[in-house]
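Every number for a ligand or one of its atoms is a count from 1 in the order of the listing. This structure is a prediction, so every number in the text was calculated from the model and none was measured.
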Amino acid sequence: MTELEYLQRVTATRPQRMRWWREARFGMFIHWGLYSQLGRHEWAMNRERIPVAEYEQLADTWHPAERPAREWARLAVRAGMKYMVMTTKHHEGFCLWNTRQTDYNAMKHGPGRDLVREFVEACREFGLRVGFYYSLMDWHHPDGANCARDEAARRRFLDFTQGCVRELCSNYGKVDILWYDVAWPLQTAELWESVKMNTMVRELQPDIIINNRSLLDEDFGTPEEHVTPEMAGRDWEACMTFNGSWGYMPSAIDWHSVREVISMLRTAAGGQGNLLLNIGPRPDGSVPEEAYQRLIPVGQWISQNGEALYGLVDRADGRMESMPTGGWTLKGHTAYYWCHRWPGRELAIGGLQTEVLRASLLATGQPITFEQTENRLVLKDLPESSPDRIAGVTVIKLECASEPRQVLGMGCVVL
Ligand code: FHN
């Protein structure tokens, strides 16, 4: 199959494959591997130039606790997340599943069990969609770098890669997301045989969603460490660390706040994208307390305001304007104003081109009195302080007569 034929087929099936994902909005990323024992970032092997023979010893000292994935899944549900994506093999090359491609795997070493299977079972137990992260770059495989210089090495490494991906898509039931990462050192989709590999994936998993990191555009873009909407019509998911490190790193102490996570969610939903927020479990699989301290309140907030987040949203970017006190998400004739900086008794919103029929506090349904002139909506008799006690982010629901639109530009009203 040519790349064009492949892309035409994939495009035709995308709307129905993506529906659940577009409605889900929020997922948990999990980076867990041998590097977690070091606690110095998942790139420690590379950044510290740890020799392979020395690093491999970590394979036999890794003894995770019993089924930690159930703790992740329980937390993800409490946080309002709808899917999880776990590293099945990161750059270190250690496979977390019972693979036949290499003995450097969780079954044959320290863990002594299939950690991917435990992950899948936990996802299913808690009603979460299943995502597999797979690093194309491999620092352990003898051909992992040589494949760029030697054709026989490339063939061996592609056979290894395709063998791994085939196992992951064959042995664990329904897989919802395949999340490739770092297509180094081969420079093109052709050299990676990505069309061939992903054709195989889609034959094994017809409803699967694949990201753009096998050097094909595939189903969604992956802005990383920034929440930036991609062009209209292109699905995208911002992947974010919680504290600057994907892997467990106790010295990484600058954790995003609850308010920052809610702001990320607003930007994602406002741009019709998703947020994949990472946790880096400890070696035993337990979750750092800082993650709980943030994700539980985030979930509590979402339980009160999820209507503004979940489901098929319209694109606010390009239709609504940035405001000093908050930001927008849109659904049909309804605008949700996520007010991060509560103004006090009154809130004026300029430039609305749409008649507002009803204004209310989303979390409680409490009506808000308002006056609307041609270019100005004034919400009146508001509480003195932000009604949201979880994060100080109150969502105001504006039910409009038509699709909301706001035009402000740079000038001001000329009297
Ligand atoms: O190098 C990796 C990194 O460790 C992490 O897995 C992120 C997650 O998107 N991807 C690569 C950096 O882009």
Side-chain angles (χ1 to χ4, degrees), residues 21 26-50 55 58 72 76 81 83-97 115-116 119 131-141 144-145 148 161 164-165 168 176-187 189 192 194 209-228 230 235-252 254-256 261 264 268 273-283 288 291:
W21 188 90
F26 192 20
M28 179 184 275
F29 215 169
I30 298 112
H31 278 68
W32 194 44
L34 301 182
Y35 47 79
S36 307
Q37 296 173 86
L38 300 176
R40 300 196 301 269
H41 196 278
E42 73 284 354
W43 270 69
M45 180 178 171
N46 168 283
R47 297 292 96 169
E48 299 176 15
R49 281 292 182 268
I50 302 173
Y55 193 90
L58 292 169
W72 312 336
M81 295 162 158
Y83 59 99
M84 296 205 293
V85 179
M86 182 187 77
T87 49
T88 62
K89 177 174 79 71
H90 203 262
H91 314 335
E92 65 182 9
F94 188 75
C95 299
L96 272 61
W97 78 98
L115 300 175
V116 168
F119 167 73
F132 288 163
Y133 165 108
Y134 182 87
S135 173
L136 294 169
M137 177 163 77
D138 190 310
W139 294 330
H140 181 267
H141 192 286
T161 301
C164 287
V165 172
L168 289 168
D176 297 291
I177 301 163
L178 181 55
W179 215 100
Y180 286 115
D181 203 9
V182 188
W184 183 90
L186 302 175
Q187 300 295 311
W192 278 108
S194 296
I209 294 170
I210 302 177
N211 77 349
N212 65 341
R213 295 195 180 184
S214 64
L215 301 183
L216 296 172
D217 280 349
E218 291 294 11
D219 296 315
F220 65 94
T222 53
E224 178 168 323
E225 289 291 62
H226 59 93
V227 187
T228 310
E230 301 212 337
D235 287 293
W236 59 278
E237 172 194 74
C239 55
M240 301 292 291
T241 62
F242 228 135
N243 62 354
S245 175
W246 299 98
Y248 177 59
M249 189 176 187
S251 62
D254 301 314
W255 290 72
H256 288 302
V261 173
M264 291 179 205
N274 285 15
L275 174 65
L276 187 65
L277 184 58
N278 182 74
I279 62 166
R282 298 187 185 93

NE2-CE distance between His90 and Met137, expressed to the nearest 0.5 angstrom =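 One gets 7.5 Å once the value is rounded to the nearest 0.5 Å.
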Distance, nearest 0.5 Å, that separates CD of Glu218 from CG of Leu178 =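 Rounded to the nearest 0.5 Å, the CD-CG separation comes out at 9.0 Å.
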Indicate whether the side chain of Thr87 and that of His31 have a donor and an acceptor atom separated by less than 3.5 Å.
-> no
Taking only residues two or more places apart in sequence, or in another chain, which ones meet Trp255 in a ring pair (Phe, Tyr, Trp, His ring centres under 6.0 Å)?
->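 Ring pair (Phe, Tyr, Trp, His ring centres under 6.0 Å) list for Trp255, sorted by chain: Phe242.
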Residues forming a ring pair (Phe, Tyr, Trp, His ring centres under 6.0 Å) with Tyr248, sequence neighbours excluded |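 For Tyr248 there are no ring pair (Phe, Tyr, Trp, His ring centres under 6.0 Å) partners, ignoring immediate neighbours.
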How would you list all residue pairs meeting salt bridge (Lys or Arg N to Asp or Glu O under 4.0 Å) that involve residues 274-283, not counting sequence neighbours?
-> none
Can you tell me which residues line ligand 1 if we count any heavy atom under 4.0 angstrom from one of its atoms, in chain and number order?
-> Phe29, His31, Glu42, Trp43, His90, His91, Tyr133, Trp179, Asp181, Val182, Arg213, Glu224, Cys239, Trp246
